[in-house]
Amino acid sequence: FVHYRSLIFPLLIRAGKPTPFFTFVLALLFCVYNGYLQGRSLSNYAKYPSGWLKDPLFITGFLGWLVGMVINIHSDHILRNLRKPGETGYKIPRGGMFEYVSGANFFGEILEWFGFALACCTIESLAFALCTLFILGSRAKQHHQ
């Protein structure tokens, strides 16, 4: 999913507000550090029994991650196609999970990270899932209002 969010998604956006360079650098540093932290945690410190990939916690977490990713990608597709070229103004997204929550893209990403945390069962993955919940949850609330 990291490849989708960092490489594919930005290329699919038709138009939008420019991102300040400083904001871009901070986001890049955060993503690099988080990726390092998650990778190091999983490769050096996490210990799993031999049957972990068949464990209900791992399977449930993996399915949560997968469903969250599908929701997120589909919601991004809906958001990208809200306006026809040249149109401006606010539009309410319809379809998919937007029928149930106003911030379906945020919901999908939160579900992804909690699924990842459940599958990994590390304090680092849980910490990032909680940070995602608080940050994206506040953004979702702002968008809803």
Heavy-atom pair with the smallest gap, counting every atom of Arg139 and Phe106:
CZ-CE2, 3.8 Å
For the residue pair Met69 and Leu66, establish whether any side-chain heavy-atom pair is separated by less than 4.5 Å.
yes
Minimum-distance pair of heavy atoms, taken over all atoms of Gly96 and Ile78
N-CD1, 4.1 Å
Could you walk me through whether Leu53 and Phe62 pass the side chain to side chain contact (heavy atoms under 4.5 Å, CB included) test, one step at a time?
CA-CA 9 Å; Leu53 298 180; Phe62 175 77; over 6 Å; no
For side chain to side chain contact (heavy atoms under 4.5 Å, CB included), just list the numbers for Gln38 and Phe116, CA-CA rounded to whole Å, side-chain angles, deciding distance to a tenth of an Å, and then say yes or no.
CA-CA 10 Å; Gln38 299 301 329; Phe116 177 79; 3.4 Å; yes
Establish, yes or no, whether a centroid distance under 6.0 Å links the rings of Phe98 and Phe107.
no
Establish whether Ile110 and Val67 are linked, either directly or via other cluster members, by ILVMFWY side-chain heavy-atom contacts under 4.5 Å.
no
Going from CG on Leu136 to CG on Leu111, what distance comes out if it is rounded to the nearest 0.5 angstrom?
12.5 Å
May I have the step-by-step check of side chain to side chain contact (heavy atoms under 4.5 Å, CB included) for Leu118 and Phe58, ending in yes or no?
CA-CA 7 Å; Leu118 188 59; Phe58 177 82; over 6 Å; no
Any side-chain heavy atom of Phe128 within less than 4.5 Å of one from Thr122?
no
Atom pair OG (Ser102) and NE2 (His143), whose distance is rounded to the nearest 0.5 Å
9.5 Å
Within the side chain of Trp113, is there an N or O that forms a donor-acceptor pair under 3.5 Å with the backbone of Ser125?
no
Decide whether Asn105 and Glu109 meet the rule of one side-chain donor and one side-chain acceptor closer than 3.5 Å.
no
From OH (Tyr36) to CD (Glu124), nearest 0.5 Å
11.0 Å
Heavy-atom distance under 4.5 Å between the side chains of Trp52 and Leu57, does that happen here?
yes
Verify the cluster assignment for Met97 and Ile92: are they in a single hydrophobic cluster under the rule of side-chain heavy atoms below 4.5 Å apart?
no
More than 12 non-hydrogen atoms from neighbouring residues, nucleotides or ligands closer than 6.0 Å to CG on Leu42, yes or no?
yes
Measure across Glu112 and Asn72 and return the closest heavy-atom pair with its distance rounded to 0.1 Å.
OE2-ND2, 3.1 Å
Between Leu63 and Ile71, is there a shared hydrophobic cluster once you connect ILVMFWY residues whose side-chain heavy atoms come closer than 4.5 Å?
no
